[in-house]
Amino acid sequence: MYCVRKVNEDYTWIGADSRRLAVFEGVFGVPDGVSYNSYLLSDEKTVLFDTVDSQVIRQFRENLMHTLNGRALDYIVVHHMEPDHTAELEDLVLRFPEVQILCSAMAKTMIGQFFGHAYDDRIRVCKEGDTLCTGKHTLQFVMAPMVHWPEVMMTYDQTDKLLLSADAFGCFGALNGRLFADEVDFDRDYLDECRRYYTNIVGKYGSQVQVVLQKAAGLEIRMILPLHGFVWRKELGYILGKHDLWSRYEPEVRGVMIAYASVYSDTECAANILACRLAEQGIKAQMFDTSVTPSSYVLSAAFRYSHLVFAAPTYNAGVFITMEELLRDIAAHGLQNRKVALLENGSWAPTSGREMQKILQGLKGWDQVEDTFTIRSALQEDQTLQLERLAAVLAKDVKTVPAAEAAEKKKQFVCKVCGYVYEGDALPEDYKCPLCGAGAEYFAEK
Ligand code: FEO
């Protein structure tokens with residue numbers, strides 16, 4: 001039986017949720033499931049935008065055949081070749097012998113790699129700005145390389161002002177019947193999973209995301225249709241703003257994330273005392289035990305906070321395993337511009353501080369606020385004062401808003417139509433919203 005939702009008059013969501021997947025992409029736990037979104041445009045021509053993962057093929061087929069309602073499929077637009085969106089591609093090409101595939105040049109190469117070259121003559125390679133008229137709708141193709149694979153492209157529907165955004169602006173979590181972000185309390189219930197999705201999957205490619213955001217700023221966008229998570233039709237400025245922040249590696253919170261590894265709880269104890277001293281100074285802190293919390297969650301929090309503390313025992317003359325995994329993950333994602341403090345523990349030859357420094361030293365804009373704090377087996381009575389001092393240094397730094405950030409603290413004006421936020425001392429009288437085109441009269445100061 002089909003299970004679909006209308007996006008608007010001509011577009012239908014024909015994807016599916018999965019709640020049985022233990023780990024997305026073989027590594028990221030998805031306790032609340034994940035959606036695989038696919039969209040069908042029913043115009044004079046029919047256009048399918050991406051397929052789904054192999055887990056949900058049966059539901060997808062039901063949805064597609066129901067929505068096609070006996071019509072043939074004319075085009076498949078492949079935005080992204082990762083198999084969670086292309087599992088059904090070969091079957092569709094066989095089922096619809098006339099169907100044309102539209103994709104980037106790199107995607108054509110990847111189709112050959114995944115499926116062979118039997119369908120090469122059905123592939124139409126798109127370049128930046130190419131268009132396809134499907135009757136009422138004109139589709140414009142927007143290249144988005146390395147967001148987060150090199151072949152990625154997006155589609156802008158010039159008629160309905162929709163951006164089909166591939167993996168960008170996606171989110172972990174099953175849709176549970178809701179399709180639009182405004183059908184849930186996104187900020188309360190989904191933002192953390194949206195950040196975890198972005199930071200882990202796309203986070204390394206901040207500069208490429210910035211390029212896409214620049215392109216988006218030049219388009220009038222009324223809806224964003226990603227390949228995972230919710231469709232955005234309201235408050236687009238909110239989700240675009242979050243991605244702007246994340247892709248510039250700017251923290252959302254001035255506060256401290258403390259990640260610790262601890263074999264017999266002595267390092268943990270020091271981390272807890274540090275958290276107490278920070279709390280007494282009014283500093284927001286979030287703590288993670290790296291032996292318990294998978295690194296995808298901790299990495300996401302590292303993107304969120306301005307100051308990071310890593311505490312770990314020495315292990316095999318290096319860093320304890322779970323902390324090393326976390327730090328290498330953070331380094332691989334190229335997180336920038338963080339203030340950091342390190343605590344090491346070692347009963348005879350503490351080296352974890354030095355080894356943690358080595359892993360982090362290549363990261364741009366990182367600054368260690370104090371010398372590494374060393375514990376020998378267990379925190380000693382006279383070290384509590386040193387920890388207090390470390391907390392004071394961190395607290396002072398957290399409270400010192402960088403000059404550039406302070407200068408940026410301008411007034412905010414929100415577009416009442418789409419949610420876009422304009423920042424500046426005053427809104428120009430002739431201002432037009434870059435997302436929806438609404439004039440200055442539609443803006444209200446936040
Ligand atoms: Fe959802 Fe990059 O695949």
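Note that these values count all heavy atoms, side chains included, but never hydrogens, waters or copies made by symmetry. Order of listing sets the numbers, starting from 1, for every ligand and every atom in it.
Applying the salt bridge (charged side-chain N to carboxylate O under 4.0 Å, His left out) test to residues at least two apart or on different chains, none of the pairs has a partner in residues 62-78.
The environment of CE in Met106 is sparse: at most 12 heavy-atom neighbours from other residues, nucleotides or ligands sit within 6.0 Å.
Residues meeting the side chain to side chain donor-acceptor pair (under 3.5 Å) test with Tyr260, sequence neighbours left out: Glu268. Under the rule for a side-chain contact (heavy atoms from CB on, under 4.5 Å), the partners of Arg328 that lie at least two apart in sequence or sit in another chain are Glu324, Ile359.
Using a 4.0 Å cut-off between charged nitrogen and carboxylate oxygen, Lys242 and Asp244 do not count as a salt-bridge pair.
Listing protein N, O or S atoms at distances below 2.8 Å from atom 2 (Fe) of ligand 1, with waters left out, gives His80 NE2, Glu82 OE1, His148 NE2, Asp167 OD2.
Relative to the ring axis of Tyr297, Arg196 places its NZ or CZ within 45° and under 6.0 Å from the centre.
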